[in-house]
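Chain identifiers are assigned alphabetically (A, B, ...) following the order of the sequence lines, protein sequences preceding nucleic acid strands; residue numbering begins at 1 within each chain.
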2 protein chains.
Amino acid sequence: VPGTLVSSFIAAIEANDLDSAVAMVADDIEYDNVPMRTIRGKAEFRASLQPFLDATAEIEWVINHQVASGTPVEGVVMNERLDRFLVGDRWIEIPVAGLFVIRDGLIALWRDYFDLATFQSQMSP
Amino acid sequence: VPGTLVSSFIAAIEANDLDSAVAMVADDIEYDNVPMRTIRGKAEFRASLQPFLDATAEIEWVINHQVASGTPVEGVVMNERLDRFLVGDRWIEIPVAGLFVIRDGLIALWRDYFDLATFQSQMSP
């Protein structure tokens with residue numbers, strides 16, 4: 001099922017293993033944080049995640065639900081998550097719903113829906 | 001597939017047919033607009049939607065993707081939508097990702113993820 005790739009991808013993020021995560025995305029990946037901005041292309045994708053992973057001591061993305069259609073080669077996966085980040089000595093928690101479109105066995109689109117203010121209010125000192 | 005119930009539910013909302021929509025939800029429905037609040041129970045559910053439907057001349061919820069697991073009796077459905085509302089002479093548009101949990105053939109949980117500021121900025125005059 002196409003959900004396996006997404007689960008592996010999220011496990012790589014949680015392990016702070018950016019090389020493995022980037023290996024699972026398409027060259028022309030579209031990475032859209034809906035209330036923020038869209039990143040396009042593998043190099044930009046890596047560059048956008050790197051400082052974020054560097055700043056985070058621990059990452060735990062709890063998947064509450066994950067549903068999928070299609071195949072591991074061409075499919076659609078959606079999940080409901082609680083994305084948790086340990087920044088300094090504080091856990092930041094963001095409720096997220098994510099869409100992943102799989103093409104040629106790689107993540108071609110990753111789009112996360114969340115409330116930006118919920119994130120920002122926790123990031124302010 | 002469990003997606004059919006959700007598609008019918010959304011069609012009822014678009015048709016401003018609250019009776020039909022309410023008939024598809026469980027007595028103890030949990031309706032959670034993540035950045036806002038959670039409504040519990042059929043009566044509260046109806047009461048929360050009624051003024052909203054009354055204020056809206058047209059409703060169009062475009063489903064970009066919908067994926068599901070389980071059966072029409074017990075299942076999980078997620079969709080990515082663009083929820084459009086005609087308020088006065090203006091279309092309000094909100095990108096949304098929704099989770100629906102089906103229990104006993106009814107919608108027991110409806111949880112929508114979106115950016116509250118994206119909604120509020122369009123509602124202000």
Side-chain angles (χ1 to χ4, degrees), chain A residues 1-7 10 30-38 61-72 74-84 92-103 107-124, chain B residues 1-7 10 30-38 61-72 74-84 92-103 107-124:
Chain A
V1 295
T4 308
L5 176 64
V6 170
S7 300
I10 287 174
E30 180 181 343
Y31 171 43
D32 183 7
N33 272 310
V34 174
M36 302 176 74
R37 62 183 185 136
T38 301
W61 288 7
V62 183
I63 299 176
N64 297 320
H65 293 283
Q66 183 162 290
V67 286
S69 68
T71 71
E74 308 283 335
V76 175
V77 180
M78 292 191 72
N79 57 30
E80 183 199 39
R81 315 190 307 263
L82 183 66
D83 288 5
R84 307 181 71 236
I92 310 293
E93 296 191 339
I94 315 169
V96 175
L99 166 75
F100 301 80
V101 174
I102 315 288
R103 203 182 55 224
I107 296 169
L109 167 67
W110 173 21
R111 184 175 289 147
D112 270 351
Y113 289 78
F114 60 95
D115 179 55
L116 185 56
T118 301
F119 173 64
Q120 289 170 331
S121 66
Q122 294 179 73
M123 289 304 286
S124 57
Chain B
V1 294
T4 306
L5 176 65
V6 171
S7 300
I10 287 174
E30 179 181 344
Y31 171 42
D32 182 8
N33 272 310
V34 174
M36 303 175 73
R37 62 184 186 136
T38 300
W61 289 7
V62 183
I63 300 177
N64 297 320
H65 292 281
Q66 183 162 288
V67 286
S69 69
T71 72
E74 308 284 335
V76 175
V77 181
M78 292 191 73
N79 57 28
E80 182 199 39
R81 315 189 307 263
L82 183 66
D83 287 5
R84 305 181 71 237
I92 309 292
E93 297 191 337
I94 316 169
V96 175
L99 167 75
F100 301 81
V101 174
I102 316 288
R103 203 184 54 225
I107 296 171
L109 168 67
W110 173 19
R111 184 175 289 148
D112 271 351
Y113 288 78
F114 60 95
D115 179 54
L116 185 57
T118 300
F119 173 63
Q120 289 171 329
S121 66
Q122 293 178 75
M123 289 305 286
S124 57

Point to revise | A/Ala117 to B/Asp115 - nearest heavy-atom pair and separation | key: N-OD1, 4.4 Å
Check your understanding: Quick one: what part of A/Val76 sits under 4.5 Å from any heavy atom of chain B, side chain, backbone, both or neither?
Key -> both
Review point. Shortest non-hydrogen contact from B/Val67 to A/Ser69?
Key: CG1-OG, 3.3 Å
Exercise for review: List the steps, then state whether side chain to side chain contact (heavy atoms under 4.5 Å, CB included) holds for B/Met78 with A/Leu99.
Suggested key: CA-CA 9 Å; B/Met78 292 191 73; A/Leu99 166 75; over 6 Å; no
Check your understanding: For B/Leu116, is it the side chain, the backbone, both or neither that has a heavy atom under 4.5 Å from a heavy atom of chain A?
Key -> both
Exercise for review: Starting at OH of A/Tyr113, measure out to CZ of B/Arg81 and round the result to the nearest 0.5 Å.
Suggested key: 9.5 Å
Revision key, fill the gap. Bottom line for B/Val96: the part with an atom under 4.5 Å from chain A's heavy atoms is backbone
Exercise for review: Pick one of side chain, backbone, both or neither for A/Asn79, based on which atoms fall under 4.5 Å of a heavy atom in chain B.
Suggested key: backbone
